[in-house]
Amino acid sequence: MKKLSKLLLVLSFTTATMNAATTTIKYKAKSGDSLYSIAKENHTTVTKLRQVNRMKKGDILKVGKVLKVPTNKKSSPKLSKYRIKKGDNLSSIAKRHHTTIEKLTTINSMKRSDILKLGHTIKVPKTTYRLAKKKKPSGKKLVASLSNLDTVSLKSTKRSHKPTLSDIFNTKKTSNLAKSKKIETVAKKKLGKRYVWGASGTKNTYDCSSFTKYVYRKNGISIPRTSINQSKHGKYVKRKDLKKGDLIFFDTSKRRKGYVNHVGIYLGDNKFIHASSAKKKVVITSLDKNFYSRRYKGARRPS
């Protein structure tokens with residue numbers, strides 16, 4: 001009995017210590033958010049988010065829901081004060097201090113729609129920089145570099161060919177074809193890989209938007225994490241003008257709520273490749289299929 005009471009005492013002490021070390025902040029879910037994107041933004045995990053908010057696997061994250069987000073006091077950024085000047089807005093302040101609007105609003109317990117008053121102060125993350133020291137050339141190296149100036153050839157060179165408009169357009173066309181081919185090649189290598197909601201590519205598992213983000217990242221193109229944010233990124237493309245490598249978007253919700261929740265990559269010939277929640281893997285599907293044809297919401301061409 002004494003051993004059991006000692007064990008309970010140790011467990012309660014450990015729990016209290018963990019709770020003391022970790023605090024939570026409040027976060028209101030926005031359109032396009034997922035547990036994965038919120039966890040990543042706040043340097044925590046989906047598992048911790050679920051535990052703190054008593055959520056089960058499969059629970060839907062509703063827009064406007066206020067979540068508790070775990071945060072470690074020790075890792076919280078150092079803050080400094082910034083006085084609002086004429087012409088300032090949250091976007092310009094965030095850019096100037098190398099942070100995001102979301103972090104600014106969280107730090108200052110404010111909303112995006114709040115008006116910034118001239119002369120008021122807000123908290124911003126403190127950033128420090130180290131300037132790399134330029135090495136001064138030694139005396140010998142300086143003399144050698146100056147002496148080389150006398151040996152420069154002044155002979156006239158042949159004029160290089162000036163590119164014409166047709167050269168520029170042909171080069172651009174060739175470059176775009178090569179890029180779309182690479183996108184198709186990388187995407188097809190993932191055919192059959194498992195679909196898992198919220199997965200980011202770890203252990204070759206993807207959801208629809210992490211699959212497209214992975215393919216584009218492998219081709220040197222950065223796009224947002226979620227399908228709804230990807231649908232706002234890049235150049236809008238009409239359905240009749242679709243080309244290989246374009247991102248295409250759908251509303252696959254049962255009641256057709258009217259917003260984007262699925263994305264794939266167009267392959268030409270009215271086919272696209274995507275991480276399908278219905279098939280539970282990465283597949284190629286016809287865009288002529290009634291289901292996807294009716295639920296098509298648009299296309300974008302990231303660059």
Go through the steps for Ile265 and Leu247 under the test side-chain contact (heavy atoms from CB on, under 4.5 Å), then give the verdict. CA-CA 5 Å; Ile265 299 171; Leu247 292 177; 3.9 Å; yes
Rounding to 0.5 Å, atoms NE2 (His274) and OG1 (Thr285) come to a distance of 2.5 Å
Same apolar cluster: Val283 and Leu267, side chain cutoff 4.5 Å: no
N/O donor-acceptor pair under 3.5 Å between Lys280 side chain and Arg194 backbone: no
Under a 3.5 Å threshold, yes or no: a donor from one side chain and an acceptor from the other, between Ser209 and Gln230? no
Decide side-chain contact (heavy atoms from CB on, under 4.5 Å) for Leu242 and Leu287; before the verdict, give the C-alpha distance in whole Å, the side-chain angles of both, and the deciding distance to 0.1 Å. CA-CA 12 Å; Leu242 281 172; Leu287 194 55; 4.2 Å; yes
More than 12 heavy atoms of other groups within 6.0 Å of Lys243 NZ: no
Does the ring centre of Phe250 sit less than 6.0 Å away from the ring centre of Phe272? yes
Are the side chain of Asn219 and the backbone of Tyr216 linked by a donor-acceptor contact shorter than 3.5 Å? no
When you look at CG of Asp288, are more than 12 heavy atoms from neighbouring residues, nucleotides or ligands closer to it than 6.0 Å? yes
Residue pair Lys271 / Tyr266: nearest heavy atoms and the distance that separates them: O-CD1, 3.4 Å
Would Ile38 end up clustered with Val46 when hydrophobic side chains under 4.5 Å apart are linked, directly or stepwise? yes
Carboxylate-amine/guanidinium contact Arg225 Asp207, below 4.0 Å: yes
Do Ile101 and Leu116 belong together in a cluster built from hydrophobic side chains that touch within less than 4.5 Å? yes
Hydrophobic cluster membership, Val263 vs Tyr214, 4.5 Å side-chain cutoff: yes
dist Thr47:OG1 -> Leu35:CG (nearest 0.5 Å) comes out at 10.0 Å
For the pair Val282 and Ile273, evaluate side-chain contact (heavy atoms from CB on, under 4.5 Å) and give the outcome as yes or no after the intermediate values. CA-CA 7 Å; Val282 176; Ile273 187 168; 3.9 Å; yes
How about Ser303 and Ile221: do any of their side-chain heavy atoms sit closer than 4.5 Å? no
Rounded distance (nearest 0.5 Å) linking atom NE2 of His233 with atom OG of Ser222: 6.5 Å
Closest approach of Asn261 and Cys208, non-hydrogen atoms and distance? O-SG, 4.1 Å
Can you tell whether the side chains of Arg295 and Asp251 come within less than 4.0 Å, N to carboxylate O? no
dist Thr105:OG1 -> Lys28:NZ (nearest 0.5 Å) comes out at 11.5 Å
Heavy atoms, side chains only, cut-off 4.5 Å: are Tyr259 and Ser31 in contact? no
Between the side chain of Asn270 and the main-chain N/O of Ser286, is any donor-acceptor distance below 3.5 Å? no
State yes or no: do Val196 and Phe211 share one hydrophobic cluster built from I, L, V, M, F, W and Y residues joined by side-chain heavy-atom distances below 4.5 Å, directly or via other members? no
So which atom in Ser210 and which in Ala199 form the shortest heavy-atom distance, rounded to 0.1 Å? OG-O, 2.7 Å
Looking only at heavy atoms, the pair that brings Lys297 and Val260 closest together is CB-CG2, 4.0 Å
Non-hydrogen side-chain atoms of Tyr236 and Arg300 separated by less than 4.5 Å: yes
Ile248 versus Ala299, closest heavy-atom pair with distance: CG2-CB, 3.9 Å
Search all heavy atoms of Lys193 against all heavy atoms of Asn204 and return the closest pair with its distance. CB-O, 3.6 Å
With a 4.5 Å heavy-atom cut-off, do Pro125 and Ile107 have their side chains touching? yes
Test side-chain contact (heavy atoms from CB on, under 4.5 Å) on Tyr206 and Thr212 and set out the steps. CA-CA 9 Å; Tyr206 303 89; Thr212 52; over 6 Å; no
Polar contact flag, side-chain donor to acceptor under 3.5 angstrom, Asn290-Ser293: no
From the list Arg96, His97, Lys123, side chain to side chain donor-acceptor pair (under 3.5 Å) partner of Tyr82 resolves to Arg96
Kindly compute the distance separating CD1 (Ile115) from CE (Met110), expressed to the nearest 0.5 Å. 10.0 Å
When you compare the side chain of Leu104 with that of Thr99, does any pair of heavy atoms fall below 4.5 Å? yes
Mind checking whether Lys190 and Val215 have side chains closer than 4.5 Å, heavy atoms only? no
In the structure I gave you, are the side-chain heavy atoms of Ile183 and Lys244 within less than 4.5 Å of one another anywhere? no
As an exercise, state the distance from CD1 of Ile122 to CG of Asn108, rounded to the nearest 0.5 Å. 5.0 Å
May I ask you to check whether over 12 heavy atoms, not counting those of Arg256, lie within 6.0 Å of atom CZ? yes
Do Asp246 and Asp241 come close enough that some side-chain heavy atom pair is under 4.5 Å? no
Check this for me: Lys95, atom NZ, are more than 12 non-hydrogen atoms of other residues, nucleotides or ligands nearer than 6.0 Å? no
